[in-house]
Number of protein chains: 2
Amino acid sequence: MPPATTRSEPHPRPRLSRPQKVAEAIKQWVMDEGWQPGHRLPSETDLMARFGMAKGTIREAIRLLEAQGLVKSRTGPGGGVFVHQVSEDRAAALLGNYVYFAHPSIDDIYQLRAALEPELAASLAGKLSAAQLAHLEKVVAESAPPAEMTEGARHAASLRFHVELSAFSENPLLRFFVRFLAELLSEVTVARGLHSDTNPELWQSGLTYQTRLIEALREGQPAQARAVMEAHMATAQGLMRRQEAAVTRRFLSDRAR
Amino acid sequence: MPPATTRSEPHPRPRLSRPQKVAEAIKQWVMDEGWQPGHRLPSETDLMARFGMAKGTIREAIRLLEAQGLVKSRTGPGGGVFVHQVSEDRAAALLGNYVYFAHPSIDDIYQLRAALEPELAASLAGKLSAAQLAHLEKVVAESAPPAEMTEGARHAASLRFHVELSAFSENPLLRFFVRFLAELLSEVTVARGLHSDTNPELWQSGLTYQTRLIEALREGQPAQARAVMEAHMATAQGLMRRQEAAVTRRFLSDRAR
DNA sequence: CCCAATTTGTTCGTATGTATC
DNA sequence: AGATACATACGAACAAATTGG
């Protein structure tokens, strides 16, 4: 028989605060009713009555949901609290908080990019419109201007190619992860001032890889596209690998609207 | 010259509420000071004085940070608001909110798993201790008991193998993504009741793959481990592909503490 | 066991800001 | 311009939880 204590739970169950309970209840309520982005929740006054709690408590609950990007408030008549689709930017910022403490190395980031970017490239081969391909070529061209660009600007331009490419994927998860990793890599290198000593080779080789990749995408050759991206990743990873492993990072700034 | 309007910002800048401003300021403060998990922030009273705002406003700001998993509050003497490391679970729950609206298909999830799980397997070959290998074998054994298991239980057990395996990775990002995708897949299949018609073949083949994988890991053969996992993923993806593409999902429940 | 101190948690009343009609 | 309907913010008080004496 169990000991004669009153605790029935092995884990003492964190005992949620009232705002936490209300936030969970509202979240569940939204799911149960199947409310979509744009739907207006009851007013604060209504929520006070429904939950039998004071305004402050209700407001704190709404802040909990707001921080997760799930709701948005507007003042004035016709205003209120509205269900809101969690944006990619918001999700990236929240995930960035986790990464801040996980402090991955440059190599850790490239290990994932090397696995995902080639898959992205292969899956897009033959799927892009002429306009989309032209857009990619424009991005490449813009990253190779006269020469008065700073190293950081070139790096940012190169990053942009990967971000724009990911945006064309039909797979929302692949889109999100590839973009997140590219921007994370950029942040990490900038935060440590590593992009200045990644010699121009990286940037130069990146341009030729990107050009060849666009060609493979246009021709509809998945294997070729995958191979080019794999080589691109391997080259970049090799050039970056000189840097030490442990990384201290900054919070991703909240670029969510 | 720019037009003679007063607006200097192209984007009207969402004008942050006071709690949002305070939350951002505290976040920046923590980063600037380099405060680590466990560090105590000033008391609510102190913060009221510092920011010149009312108690309610300060508390709402703290809720914004709490929802992100960045701080934790305790009452009583020695209590207060403490910097808190964002847990994997919390990060997964927050990312789950994004995925809820992105509603990826089963195929979308497998596309990522097929790219990441083999990389995970390869990177762990020859790196696991005897105890870790034994643990994996135990997990496999527990997922193949008499026969009175329900289909759902078998599915959960199979999932557990992938989660436990990911936990051994030194790469925090790979660890997080692989686990997130495995649990997401499980949620999606359960939510749609798809695991009942994924015939026992899947479960049976999974067992043999897992056994062969453990062997490759023990022998220290990355290529072999990668190949086994690739075949495992391809098989599972093929059996799942019969299901339709679009998927409606639930919020990941907050399993964060 | 109780009591006191400390800190977050919660309530209520009131006033202000903002957007719509 | 004014009335209306909302969220936003303030201030004072009280409640609950935790720690230590």
Side-chain angles (χ1 to χ4, degrees), chain A residues 5-7 9 11-26 30 35 37-84 257, chain B residues 6-7 9 12-26 30 35 37-84 257:
Chain A
T5 59
T6 50
R7 44 181 310 214
E9 307 261 347
H11 295 288
R13 187 66 73 93
R15 274 211 315 280
L16 294 104
S17 66
R18 290 206 230 203
Q20 284 172 332
K21 280 186 203 162
V22 171
E24 275 301 312
I26 292 178
V30 170
W35 289 331
H39 180 91
R40 199 195 115 150
L41 296 173
S43 70
E44 287 185 353
T45 319
D46 286 349
L47 292 173
M48 288 168 60
R50 275 176 205 272
F51 290 97
M53 292 173 193
K55 193 155 40 194
T57 309
I58 299 296
R59 288 181 59 80
E60 287 184 30
I62 291 175
R63 290 293 157 272
L64 288 171
L65 297 173
E66 186 185 76
Q68 302 174 58
L70 292 169
V71 303
K72 219 85 173 173
S73 305
R74 284 204 308 270
T75 59
V81 181
F82 297 84
V83 177
H84 194 261
R257 294 191 300 157
Chain B
T6 50
R7 41 180 314 213
E9 307 262 347
R13 185 67 71 93
R15 274 213 315 279
L16 285 73
S17 66
R18 289 207 228 201
Q20 284 172 332
K21 280 186 206 165
V22 171
E24 275 300 313
I26 291 178
V30 170
W35 288 333
H39 180 92
R40 201 196 115 148
L41 296 173
S43 71
E44 289 183 354
T45 318
D46 286 348
L47 292 172
M48 288 168 62
R50 275 177 204 271
F51 289 97
M53 291 174 192
K55 181 166 182 143
T57 309
I58 298 296
R59 286 183 58 80
E60 286 182 32
I62 291 174
R63 289 295 153 270
L64 288 171
L65 297 173
E66 185 186 78
Q68 303 175 55
L70 291 169
V71 304
K72 221 83 174 175
S73 304
R74 286 203 308 269
T75 61
V81 181
F82 298 84
V83 177
H84 195 261
R257 292 197 295 158

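Numbers restart at 1 for each chain; the letters A, B, ... are given by sequence-line order, proteins then strands.
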**Report entry** Audit row: I62(A), L47(A), side chain to side chain contact (heavy atoms under 4.5 Å, CB included) steps and yes/no
**Finding:** CA-CA 10 Å; I62(A) 291 175; L47(A) 292 173; 4.2 Å; yes
Rounded distance (Å) that lies between atom [atom2] of [N] and atom [atom1] of [X]:
X	N	atom1	atom2	result
L47(B)	dG9(C)	CG	C1'	15 Å
I58(B)	dA9(D)	CD1	C1'	11 Å
M48(A)	dC6(D)	CE	C1'	14 Å
K72(B)	dT8(C)	NZ	P	16 Å
D46(B)	dT8(C)	CG	C1'	13 Å
L41(B)	dT8(C)	CG	P	10 Å
F82(A)	dA19(C)	CZ	P	13 Å

**Report entry** Gap separating the CD1 atom of I26(B) from the CZ atom of F51(B), nearest 0.5 angstrom
**Finding:** 5.0 Å
Report task. Working to the nearest 0.5 Å, report the span between NZ of K21(B) and OG1 of T57(B). Result -> 11.5 Å
Requested in this report: Record whether the side chain of K55(A) comes under 3.5 Å of the base of dG13(C) through a donor-acceptor pair of N or O atoms.
Outcome: no
Between [options], which nucleotide gets closest to the side-chain atoms of [X]?
X	options	answer
T75(A)	dT10(C), dA5(C), dA19(C)	dA19(C)
R15(B)	dA9(D), dT7(C), dA19(C)	dA19(C)
R18(A)	dG11(D), dT10(C), dG17(C)	dT10(C)
S43(A)	dT11(C), dA7(D), dT8(C)	dA7(D)
P19(A)	dT8(D), dA17(D), dT10(C)	dT10(C)
P77(B)	dT6(C), dA7(D), dA19(C)	dT6(C)
R63(B)	dA5(C), dG9(C), dC10(D)	dG9(C)
E44(A)	dA7(D), dT10(C), dT18(D)	dA7(D)

Query raised in the report: What do the steps show when you test V22(B) against L64(B) for side chain to side chain contact (heavy atoms under 4.5 Å, CB included), and what is the final call?
Result: CA-CA 10 Å; V22(B) 171; L64(B) 288 171; over 6 Å; no
Query raised in the report: Are OP1 or OP2 of dG9(C) and a side-chain N or O of T57(A) less than 4.0 angstrom apart?
Result: no
Query raised in the report: Are K55(A) and E44(A) within salt-bridge range, i.e. N to O under 4.0 Å?
Result: no
Report task. Flag the pair R63(A) and E66(A) as a salt bridge only when some basic side-chain nitrogen lies within less than 4.0 angstrom of an acidic carboxylate oxygen. Result -> yes
Just call it for [X]: base, sugar-phosphate, or nothing, with non-hydrogen atoms closer than 4.0 Å on any strand.
X	result
R59(A)	base
G78(A)	nothing
G80(B)	sugar-phosphate

Report summary line: When R74(A) and S73(B) are each assigned the nearest nucleotide of DNA chain C, the 5'-most assignment goes to S73(B)
